Amino acid sequence: MLPVRPSTSSQPLIKIEHLCKSYALDNQANGSLNSQVLFDINIEIGQGEFVAIMGHSGSGKSTLMNILGCLDTPSSGRYWFSGQDVAALSGDALAQIRNRNIGFVFQGFNLLKRMTALDNVATPLLYAGMSRASSRKRALEQLRLTGLTDFSLYQPNQLSGGQQQRVAISRALINQPQLILADEPTGNLDSQTSCEIMALFQQLNREQNITIVLVTHEDDIAAYANRLIRFKDGRVIHDESVT
Ligand SMILES: Nc1ncnc2c1ncn2[C@@H]1O[C@H](COP(=O)(O)OP(=O)(O)OP(=O)(O)O)[C@@H](O)[C@H]1O
Ligand SMILES: [Mg+2]
């Protein structure tokens with residue numbers, strides 16, 4: 001039985017305050033230029049929320065997701081994950097959060113091509129120090145929960161897009177994270193398969209209280225979430241709960 005996360009907690013899982021992000025661009029004519037991508041973002045997300053992020057291409061959605069996933073750092077402002085000031089954490093502590101507390105799901109699935117579904121799902125456990133035999137056993141159980149028992153020994157190119165994404169979701173879930181960050185997870189899937197993947201996210205959110213933050217361009221995908229945040233030109237222009 002997988003753990004059910006507490007639905008109420010005194011502190012938000014994610015809290016960002018006055019967050020800005022700029023990139024230094026090398027420009028031959030002018031030397032170094034700064035390009036600001038995120039402007040004064042303030043967001044709190046509680047454990048168990050299911051949040052959709054929408055906005056035009058280039059509005060900063062993936063940049064924010066990378067910061068939320070501790071894969072990138074803000075240029076200014078603060079980010080607390082589960083009450084911890086992320087800027088104050090060591091590289092090892094950040095790697096541990098990425099491995100144990102956050103599961104990542106991407107548009108392109110990002111599976112290791114020469115590995116079976118089973119070994120793709122087991123990989124984060126190996127990184128966390130578990131033995132190969134134990135990690136495979138856990139991975140097989142995770143694949144069973146996502147309906148992929150019969151495909152555990154298939155390699156990604158032998159699986160459909162929806163199956164590959166379910167393998168990627170299994171891998172994201174294997175360390176029982178508090179948070180799933182999904183950047184356009186249905187972007188490469190047909191509408192029927194997209195619905196199946198979204199039903200899986202919804203089930204994980206409702207039954208295990210896993211927090212989900214999901215970027216999408218599609219209204220009908222965003223409709224699965226309980227809260228919608230809209231970005232425009234690097235700013236939050238809309239943030240509302242939808243029930
Ligand atoms: N490493 C980088 N260096 C410089 N600029 C960057 C870098 N990464 C992103 N950008 C710029 O930041 C802006 C926001 O990019 P981002 O990928 O966050 O957009 P997005 O909202 O996810 O778009 P899409 O919907 O197309 O995925 C873009 O203008 C992009 O060019
Ligand atoms: Mg993006």
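Note that this is a predicted model, so its numbers are computed, not measured.
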Task: Sidechain-backbone polar pair: Q178 side chain, I102 backbone, donor-acceptor under 3.5 Å - done: no
TODO: Can you measure from OG (S170) to CZ (R144) and round to the nearest 0.5 angstrom?
DONE: 12.0 Å
Open item on the list: Between N120 and T116 (side chain of the first, backbone of the second, donor and acceptor by atom type, cut-off under 3.5 Å), is there such a pair?
Closed with: yes
Open item on the list: Is a donor from one side chain sitting under 3.5 angstrom from an acceptor on the other, for T211 and Q47?
Closed with: yes
Task: Side-chain donor/acceptor of Q158 to backbone N/O of Q155, under 3.5 Å - done: yes
Task: Lys/Arg N to Asp/Glu carboxylate O, R78 vs D85, below 4.0 Å - done: yes
Task: Point-to-point distance, once rounded to the nearest 0.5 Å, from CG of L181 to SG of C70 - done: 9.0 Å
- [ ] Report the relative orientation of the aromatic rings in Y154 and F151; use parallel for angles under 30°, tilted for 30 to 60°, perpendicular for over 60°.
- [x] perpendicular
TODO: Kindly work out whether a path of hydrophobic side-chain contacts (I/L/V/M/F/W/Y, heavy atoms less than 4.5 Å apart) joins L228 to L64.
DONE: no
Open item on the list: By the definition side chain to side chain contact (heavy atoms under 4.5 Å, CB included), identify the one residue from D219, I221, L214, V215 that meets it with M54.
Closed with: D219
Task: V121-I210 co-clustered via ILVMFWY side chain contacts under 4.5 Å - done: yes
Task: M198 reachable from M65 in the ILVMFWY side-chain graph, under 4.5 Å edges - done: no
Task: Residue of the set L68, I67, V86 for which side chain to side chain contact (heavy atoms under 4.5 Å, CB included) holds with I16 - done: L68
Task: No-hydrogen, no-angle side-chain donor-acceptor test under 3.5 Å, S191 and S194 - done: no
TODO: Identify whether the distance between the nearest side-chain nitrogen and carboxylate oxygen of E141 and R138 falls below 4.0 Å.
DONE: no
TODO: Please determine, by modelled atom types, if N66 and T63 share a side-chain donor-acceptor pair under 3.5 angstrom.
DONE: no
- [ ] Measure the shortest side-chain to side-chain distance between V213 and I180 over non-hydrogen atoms and say whether it is less than 4.5 angstrom.
- [x] no
TODO: Look only at the side chain of E207 and the backbone of L204, and say whether a donor-acceptor pair between them is shorter than 3.5 Å.
DONE: no
Open item on the list: Keeping K15 on the side-chain end and G83 on the backbone end, is there a donor-acceptor pair under 3.5 Å?
Closed with: no
TODO: Without swapping roles, check the side chain of E184 against the backbone of Q107 for a donor-acceptor pair under 3.5 Å.
DONE: no
Open item on the list: Can a side-chain donor-acceptor contact be found between E17 and N42 if the only test is distance below 3.5 angstrom?
Closed with: no
Open item on the list: Could you measure the distance from the CG atom of L200 to the CG atom of L173? Nearest 0.5 Å is fine.
Closed with: 7.0 Å
Task: Gap between atom CD1 of I169 and atom CZ of F201 - 0.5 Å precision - done: 4.0 Å
Task: From E49 atom CD to I212 atom CD1, the distance as rounded to the nearest 0.5 Å - done: 11.5 Å
- [ ] Look only at the side chain of K61 and the backbone of H56, and say whether a donor-acceptor pair between them is shorter than 3.5 Å.
- [x] yes
Task: Residue pair R100 / P177, side-chain heavy-atom distance below 4.5 Å - done: no
Open item on the list: Does Y23, at its OH atom, have more than 12 non-hydrogen atoms belonging to other residues, nucleotides or ligands within less than 6.0 Å?
Closed with: yes
Open item on the list: Quick test of your reading of the model: are D119 and R136 salt-bridged, counting only N-O distances below 4.0 Å?
Closed with: yes
Task: K137 side, atom NZ; L125 side, atom CG - distance, nearest 0.5 Å - done: 12.5 Å
Open item on the list: Can you list everything that forms a salt bridge (Lys or Arg N to Asp or Glu O under 4.0 Å) with D183? Sequence neighbours excluded, please.
Closed with: none
TODO: Please check if the side chain of S135 supplies one atom and the backbone of R132 the other of a donor-acceptor pair under 3.5 Å.
DONE: yes
Open item on the list: Is it the case that the side chain of R230 and the backbone of G55 share a donor-acceptor pair, with hydrogens and angles ignored and the cut-off at 3.5 Å?
Closed with: no
TODO: Taking side chain to side chain contact (heavy atoms under 4.5 Å, CB included) as the test, write out the residues that go with P124, two or more places apart.
DONE: N99, R171, I174, N175
Open item on the list: For the backbone of E218 and the side chain of T216, can you confirm whether one donor and one acceptor N or O come within less than 3.5 Å of each other?
Closed with: yes
